[in-house]
S.K.: 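After the structure tokens below, expect a handful of questions from me.
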There are 2 protein chains.
Amino acid sequence: MRDEPVLRLRVKLSADFAMGPGKADILDGIARTGSISAAGRALGMSYRRAWSLVEAMNAAFAAPVVETSRGGAEGGGARLSDTGEAVLALYRRMQEEALAATEGSRADMATMLGDLSDDA
Amino acid sequence: MRDEPVLRLRVKLSADFAMGPGKADILDGIARTGSISAAGRALGMSYRRAWSLVEAMNAAFAAPVVETSRGGAEGGGARLSDTGEAVLALYRRMQEEALAATEGSRADMATMLGDLSDDA
DNA sequence: CATCGTTATGCATGGACAAACATAACGACG
DNA sequence: CGTCGTTATGTTTGTCCATGCATAACGATG
């Protein structure tokens, strides 16, 4: 599952923080599942790591991207803040923009591939 | 040395081959230095790895991207083939295209950063 | 024909990073 | 007030990948 996209981009936003596919996937997973642990499971990633990525993002942005709650009947959960929604939307948009902008170049490069590469 | 660029992109060209910053750097290094080992040294990367990346690229494309020679007074060397030149140029172009296309989105995302992130 | 720096390749070691495991705290609700 | 699944965090285990080391072949040139 989750075959990696044709174009992966990693955006360096500051000296020690970058936004990449992994963090975007986590945001997406949390939005869909309502919890960090479920998102981690869905992505085949350990909870530890999923939580670490969330922590990194929350620390990097001015406002937290993920809001969490502990306890309760369901044990707790997590959801995207407005900032989180915006960050995810912007990352997706960047991906689309990059994909579209490089369409010609990628096609040109693809023509140079050998026959062994384009199967399967 | 060699601070990573603002935008790194990795282009999946086939099921088992992708072009990323590392391979592009190697091509660039070989073009500049005239040998795989010198390029590796310049990039702070082991010869073993540099050579592996070259091997992977040579295998993936229809024509080799790097042509090598052994022996001789200088011990040998390596240089980019026409295909290699083209691949490098295309990758650079893609990078520029992606950078330009995402300019607005990146700026928008940057505005959401916290104060701790934009120093240094 | 000895020398030299390079390509080319195998193999062992190590270090970074992720997974796995272990706990604790939390709090709505039955 | 016991239960439950989740957040939160420390610690250990594993695994992958790069590095490092070692070695061979190469061939123009002196």
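Reminder, nothing fancy here: chain letters follow the sequence lines and each chain counts from 1. Computed from a predicted structure; not experimentally measured.
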S.K.: Return whichever of B:A73 or B:G77 has its heavy-atom-nearest nucleotide of DNA chain C closer to the 5' end.
M.R.: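 Counting from the 5' end, the first nearest nucleotide belongs to B:A73.
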S.K.: Using the salt bridge (charged side-chain N to carboxylate O under 4.0 Å, His left out) criterion, which residues pair with A:R48? Sequence neighbours excluded.
M.R.: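 None.
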S.K.: In whole Å, what is the span from the CZ atom of A:R41 to the C1' atom of C:dA19?
M.R.: 16 Å
S.K.: Between A:E74 and B:A78, name the one whose nearest nucleotide on DNA chain C is closer to the 5' end.
M.R.: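 Nearest nucleotide further toward 5': that of B:A78.
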S.K.: Closest approach of A:L113 and B:L13, non-hydrogen atoms and distance?
M.R.: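 Here A:L113 and B:L13 meet closest at CD1-O, 3.3 Å.
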S.K.: Whole-Å distance between C:dT9 P and B:R70 CZ?
M.R.: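 Value for this atom pair: 8 Å.
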S.K.: What's the separation between atom CE in B:M94 and atom CD in A:E103, rounded to the nearest 0.5 Å?
M.R.: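 That separation rounds to 12.0 Å.
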S.K.: With heavy atoms of chain B within less than 4.0 Å as the criterion, where does contact along DNA chain D begin and end?
M.R.: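 With heavy atoms of chain B under 4.0 Å away, the range is D:dA18 to D:dT29.
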S.K.: Under the rule for salt bridge (charged side-chain N to carboxylate O under 4.0 Å, His left out), what residues qualify as partners of A:R49, not counting sequence neighbours?
M.R.: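 With neighbours one apart ignored, the set is empty.
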S.K.: I need the CG-P distance between A:L43 and C:dA18, as an integer number of Å.
M.R.: 14 Å
S.K.: Quick one: on DNA chain D, does B:G71 or A:G76 contact a more 5' nucleotide (nearest heavy atom)?
M.R.: A:G76
S.K.: Is any side-chain nitrogen or oxygen of B:T68 closer than 4.0 Å to OP1 or OP2 of C:dA8?
M.R.: yes
S.K.: Measuring from A:K23:NZ to A:M57:CE, what's the distance to the nearest 0.5 Å?
M.R.: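 Between atom NZ of A:K23 and atom CE of A:M57 there are 7.0 Å.
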S.K.: With 3.5 Å as the limit, what N/O pairs link the protein to nucleotides 11-13 of chain C?
M.R.:
none

S.K.: Identify, with sequence neighbours excluded, every residue that meets side chain to side chain contact (heavy atoms under 4.5 Å, CB included) alongside A:R10.
M.R.: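 For A:R10 the side chain to side chain contact (heavy atoms under 4.5 Å, CB included) partners, ignoring immediate neighbours, are A:A18, B:E4, B:R8.
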S.K.: Applying salt bridge (charged side-chain N to carboxylate O under 4.0 Å, His left out), can you list everything that pairs with A:E55, at least two apart in sequence or on another chain?
M.R.: none
S.K.: Between B:R93 and B:E97, does at least one N-O distance fall below 4.0 Å, as a salt bridge requires?
M.R.: yes
